[in-house]
Amino acid sequence: AAGVIQSPRHLIKEKRETATLKCYPIPRHDTVYWYQQGPGQDPQFLISFYEKMQSDKGSIPDRFSAQQFSDYHSELNMSSLELGDSALYFCASSQRLAGGHVRELFFGEGSRLTVL
Amino acid sequence: AQSVAQPEDQVNVAEGNPLTVKCTYSVSGNPYLFWYVQYPNRGLQFLLKYITGDNLVKGSYGFEAEFNKSQTSFHLKKPSALVSDSALYFCAVRDSDYKLSFGAGTTVTVRA
């Protein structure tokens, strides 16, 4: 079965540089979520999109932005990178509207960002 | 706000022994509760969920969880642990905006 695809899997950047992470949700999933997981931490919600519109916003820095495109893939753009941005970034997708059933989120393998 | 708590940072058990990973929840309204497992440098894999119905929920890899409304708990259990069950386990709750909020995680180590 198709899973959530994230790219790149690993990324190394210098401070103050920019980075873009991509996420391709499971086909027919209408909602995409972005999470950030620091070392030894639980995943923290950043932002989500439902049917290409931003649906919720969490602890996402102003230096970060995200969008969902017409083909439902999503991109997380990070600018003016700081050392503290080093983390594992997860994308997850789900079907919000599924006959009234509460669906789980399916996570990608994550993109590991290292800021030097 | 919906939240879950995992009171144990680490759980250590011997292979073949029962495994329990604890989770308590605090929600307004009906709780939608989930368990995920994370192996090193990997994504989160869904194990099981409680939405409604039977308090004992069966999931992947032989795991099950017991929903207890009076104790506001949703403990993950496995009758006989395997070394390959060693991983990081997260309890999560879905809030009104459909996103999941995770507990701090519990590291499970199963020794041979």
Side-chain angles (χ1 to χ4, degrees), chain A residues 1 3-7 9-10 23 25-26 29-51 53-60 87-114, chain B residues 1-10 21 23 25 27 29-53 57-60 63 65 67 74 76 87-108:
Chain A
V4 177
I5 305 298
Q6 290 187 246
S7 67
R9 291 293 311 279
H10 300 274
C23 169
I26 293 172
H29 279 194
D30 51 33
T31 308
V32 166
Y33 309 80
W34 285 97
Y35 282 83
Q36 178 193 56
Q37 185 180 31
Q41 303 293 315
D42 56 291
Q44 295 294 314
F45 172 73
L46 293 178
I47 195 167
S48 63
F49 294 87
Y50 168 62
E51 285 292 344
M53 298 289 290
Q54 181 181 310
S55 59
D56 196 8
K57 199 170 183 180
S59 52
I60 184 169
L88 196 53
Y89 290 82
F90 288 109
C91 173
S93 73
S94 72
Q95 272 183 312
R96 179 176 295 192
L97 297 179
H101 297 291
V102 176
R103 299 291 188 182
E104 60 272 23
L105 274 60
F106 292 85
F107 284 79
E109 290 294 310
S111 294
R112 181 169 295 283
L113 171 66
T114 302
Chain B
Q2 323 286 56
S3 66
V4 289
Q6 295 178 242
E8 299 165 317
D9 291 336
Q10 291 192 358
V21 187
C23 174
Y25 65 88
V27 304
N30 294 322
Y32 300 138
L33 300 164
F34 302 78
W35 275 102
Y36 283 81
V37 60
Q38 184 178 29
Y39 296 96
N41 298 311
R42 302 295 300 278
L44 286 83
Q45 296 180 34
F46 169 75
L47 285 178
L48 50 79
K49 65 183 176 185
Y50 173 82
I51 306 302
T52 186
V57 179
K58 293 190 181 296
S60 306
F63 283 93
F67 174 74
F74 188 56
L76 181 70
L88 183 56
Y89 290 79
F90 288 103
C91 181
V93 61
R94 197 195 80 165
D95 69 16
S96 58
D97 292 319
Y98 299 90
K99 67 179 183 289
L100 294 182
S101 296
F102 291 89
T106 299
T107 299
V108 170

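Throughout, a chain's letter reflects where its sequence line sits, starting with A, and its residues are numbered from 1.
Residues satisfying the salt bridge (charged side-chain N to carboxylate O under 4.0 Å, His left out) criterion with A:D56, sequence neighbours excluded, are B:K99. Among residues two or more places apart in sequence or in another chain, the salt bridge (charged side-chain N to carboxylate O under 4.0 Å, His left out) test is passed with A:R9 by none.
With a threshold of 4.5 angstrom between heavy atoms, A:Q41 approaches chain B through N, CA, C or O but not through any side-chain atom. Heavy atoms closer than 4.5 Å to chain B are found in the side chain of A:L88, but not in its backbone.
From B:L100, atom CG reaches atom CZ of A:F107 across 6.0 Å, with rounding to the nearest 0.5 Å. Here the straight-line distance linking atom CZ of B:F34 with atom CD of A:E104 works out to 7.0 Å at 0.5 Å rounding. Rounding to the nearest 0.5 Å places OG of A:S48 at 11.0 Å from OH of B:Y98. In this structure, CD on A:Q37 lies 5.0 Å from CZ on B:F90, to the nearest 0.5 angstrom.
Under the 4.5 Å side-chain criterion, counting only non-hydrogen atoms from C-beta, A:F90 is in contact with B:Q38.
Note on A:G110, A:P43, A:G58, A:G40: by heavy-atom pairs under 4.5 Å with chain B, the leading option is A:P43.
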